[in-house]
Amino acid sequence: MKKTPLFLLFALIFFSNYAQKQQQPNILFVVIDDLNDWVGPLNGNKQAITPNMDKFTKSGTMVFKNAVTPAPICGPSRSAFLSGFLPSTSGIYGNAHNMLYSDIVKENPTMPEYFSLNGYHTLSNGKIFHKHGTKNGLTDFGEWAYDEFARARRYNNDAADKNLVTSSKGGVINGIVKLAYKETKAKLSWGPTKETFEETVDYGVADWAKKQLQRDFDKPFFMSVGFIKPHLPWFVPKEFFDMYDVNQIEDLLLKEDDLADIIDDEGKQKFKASEEYKWIKKHHLSKEATRAYLANISFVDKCFGVVMDALEKSGHADNTIVVILGDHGWHLGEKQRYLKNTLWAEAVKPPLFVKLPGMKKTIISDSPVSLLDVYPTLISLANLPKKENLDGHDFSSVLENPASEWNYPGVTVSTEGTSVLTEKFHFIQYLTGEEELYDVVKDPNEWNNLIREATYKKEITTLKKWVPKERAKPSKERYKKPKNYVDADQDPTIKATRKFKIK
């Protein structure tokens, strides 16, 4: 038998390794800030105009109806699903807490770092990690987690047209300033910008992603795309406000005494209406606020469409996993409040859509998967070495077969307590001792607190087992953000501290 020439042997080894690498899927990871279920695929508000998300899910995507955030506010949520650890494990409960100073995050690579360590080329633009000040007086944007990092938001703030703006703190409604309009404790503002669509921050992020998808990569890529809207302020171009006639906006179905059955140990009502809710009601702005949020969703949907169109036209579409998620939900009057950071369904249930190569139709899953589960699931789908110590669970079996058993609830941890969501029930326990229980099948609006019903004693006992028994203390190390921190220089010293070995 003739010996294989040495050069041919090297060539065979090279092409064999190349083929193995090409079999690994690319990851397109899209994060949308403050997005609730007001999108077509979830039908949270039938008035929402989201043609690109509709097209994306109809082309072959799993839609998770009961996805759950690990934390109901930006920083802790992102820290959790990017690190793989619940707030109760990492000690990251508030936006002021930087995951870099958490002992467990110091010892473990985040999701993009793990993919980079295992042969992926990682790149990012837009808001993925939460921003923090550093000891050097600079800004930590999370750039340390990526091989490439871009900043479309720098020197661009999407300013509103002063003649059309509405702001509670500014005391202005539809451009008219009055002292009676001013409410410094409320945090709502909206209005059209003078900028065109192509001049906005999120379009800049989308256009960057479009250009990256035209590249040839010698490794599989992990691309993070972070859109800032519909985060406040709700400032987007006028064309998106014009998509909705304010006079035709339907008010949400709300229950005015919805908080009456959440009682503390003294028999008093635990919660009151928020300042935002009272301001909206006082000035009869519920339709305007709803339109503004819808306009922002339609805007970000168009940005998302730019990215998906680019993916379809690229050579990467047939080998790319797409994940699109909101970092948490958002209230628009439910439970007598706006904003986020509660343990109710409106805040703990964000969108989560996953598209695998080869999917041809919309698949609806009722499984209460958590955003925390995305990290181990992508590891599994990419055939990377399993990371054993993550808090989340691999739901790739659900993606393969939506009828698969999923034995985990969605757990959300906040500064106030814990939420545990299953397909049938939603249990909430506060650190102060109060509890809530809702039958989400019979009572999807969560209007009737069943916690005192003896009939549900067994269910309550089972759900309580998922409440973390211990809560890690947050690190006291934190630094103020520099002035104009979004435009400030990023801190180049952090990346050198993030050194890990492949295990």
Side-chain angles (χ1 to χ4, degrees), residues 37 64-73 76-77 80-81 84-90 93 258-265 269-271 328-329 331 334-335 340-350 352 365-374 376 390-395 397-398 402 404-472:
D37 63 357
F64 289 91
K65 288 178 62 179
N66 291 312
V68 170
T69 182
I73 191 169
S77 170
F81 66 70
F85 302 113
L86 273 170
S88 50
T89 302
S90 67
Y93 303 101
D258 194 11
L259 301 174
D261 58 1
I262 307 172
I263 306 299
D264 64 20
D265 289 342
Q269 185 173 307
K270 180 175 176 61
F271 297 102
H328 47 71
H331 286 264
E334 307 93 342
K335 290 287 190 290
K340 49 203 170 186
N341 205 15
T342 76
L343 292 171
W344 293 309
E346 289 77 18
V348 305
K349 291 182 66 177
L352 173 62
S365 173
D366 293 321
S367 299
V369 303
S370 171
L371 303 186
L372 196 73
D373 302 324
V374 171
L390 299 177
D391 284 340
H393 305 92
D394 174 9
F395 61 81
S397 61
V398 177
S404 297
E405 272 194 20
W406 180 254
N407 298 315
Y408 306 102
V411 177
T412 303
V413 176
S414 80
T415 53
E416 291 190 321
T418 303
S419 156
V420 181
L421 183 78
T422 69
E423 291 182 29
K424 296 181 179 179
F425 294 100
H426 186 191
F427 172 72
I428 299 171
Q429 184 182 80
Y430 297 96
L431 297 179
T432 47
E434 299 87 0
E435 295 176 341
E436 299 172 51
L437 179 72
Y438 301 99
D439 183 327
V440 296
V441 177
K442 297 178 181 177
D443 178 26
N445 292 311
E446 300 190 355
W447 284 343
N448 303 304
N449 184 8
L450 304 171
I451 199 65
R452 288 176 174 76
E453 300 278 345
T455 312
Y456 299 98
K457 187 176 181 180
K458 182 179 178 182
E459 285 81 3
I460 292 169
T461 300
T462 300
L463 293 166
K464 277 186 178 181
K465 293 177 181 178
W466 293 96
V467 176
K469 293 179 175 58
E470 296 181 2
R471 291 168 65 100

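Scope of the values below: all heavy atoms of this structure, side chains included, with no hydrogens, waters or symmetry mates. Worth saying up front: this structure is predicted, and the values here are computed from it rather than measured.
The two residues Ala347 and Asn341 come nearest to each other via the heavy atoms CB-N, 4.3 Å. For Lys465 against Lys469, the heavy-atom pair with the smallest separation is O-NZ, 4.0 Å. Taking each heavy atom of Thr412 and Pro72 in turn, the nearest pair found is CG2-CD, 3.7 Å. Considering every non-hydrogen atom in both Ala67 and Pro350, the closest pair reads O-CD, 3.4 Å. The nearest pair of heavy atoms linking Ser88 to Tyr93 is CA-OH, 3.5 Å. Contact record, Pro70 with Ser77: CG-O, 3.9 Å, taken as the closest heavy-atom pair.
Within the 4.5 Å cutoff, side-chain heavy atoms of Ile262 are placed close to those of Trp344. Counting heavy atoms from C-beta on, the side chains of Val413 and Arg471 come closer than 4.5 Å. Side-chain contact between Val440 and Phe425 is absent, with no heavy-atom pair separated by less than 4.5 Å. Contact of the Pro376 side chain with the His393 side chain is not registered, since no non-hydrogen atoms from C-beta on lie closer than 4.5 Å. Side-chain contact between Glu423 and Ser367: present, with at least one pair of heavy atoms (C-beta onward) separated by less than 4.5 Å. Looking at heavy atoms from C-beta onward, Phe271 lies in side-chain contact with Leu259 at the 4.5 angstrom threshold.
Proximity of the aromatic rings of Trp406 and Phe64 is defined here by a centroid distance below 6.0 angstrom, and this criterion is not met.
How far CG of Leu450 is from OH of Tyr456: 5.0 Å, rounded to the nearest 0.5 Å. Note: Lys457 NZ to Ile451 CD1 = 12.0 Å, rounded to the nearest 0.5 Å. Remark: Glu334 CD to Glu446 CD distance equals 10.5 Å, nearest 0.5 Å. Here the OG1-CD1 distance, from Thr342 to Ile73, works out to 10.5 Å after rounding to the nearest 0.5 Å. Rounded to the nearest 0.5 Å, atoms CG (Leu463) and CD (Gln429) are 11.0 Å apart. Atom-to-atom distance recorded for Lys335:NZ and Leu343:CG is 11.5 Å, nearest 0.5 angstrom.
The one candidate from Leu421, Thr69, Thr418 that meets the side-chain contact (heavy atoms from CB on, under 4.5 Å) condition with Val411 is Thr418.
Asp439 places no side-chain N or O within 3.5 Å of a backbone atom of Asp443 that could act as its donor or acceptor partner. Side-chain N or O atoms of Asn449 include one that pairs as donor or acceptor with a backbone N or O of Leu437 at under 3.5 Å.
Using a 4.0 Å cut-off between charged side-chain N and carboxylate O, Lys424 and Glu459 make no salt bridge.
Among residues two or more places apart in sequence or in another chain, the side-chain contact (heavy atoms from CB on, under 4.5 Å) test is passed with Pro444 by none. For the side-chain hydrogen bond (donor to acceptor under 3.5 Å, both in side chains) test, residues two or more places apart in sequence or in another chain that qualify with Asp391 are Thr89. In terms of the side-chain contact (heavy atoms from CB on, under 4.5 Å) criterion, residue partners of Thr432 (sequence neighbours excluded) are, by chain and number, Lys270, Tyr430, Glu434.
Between His426 and Tyr438, the ring planes are tilted. Angles from 30° to 60° get that label.
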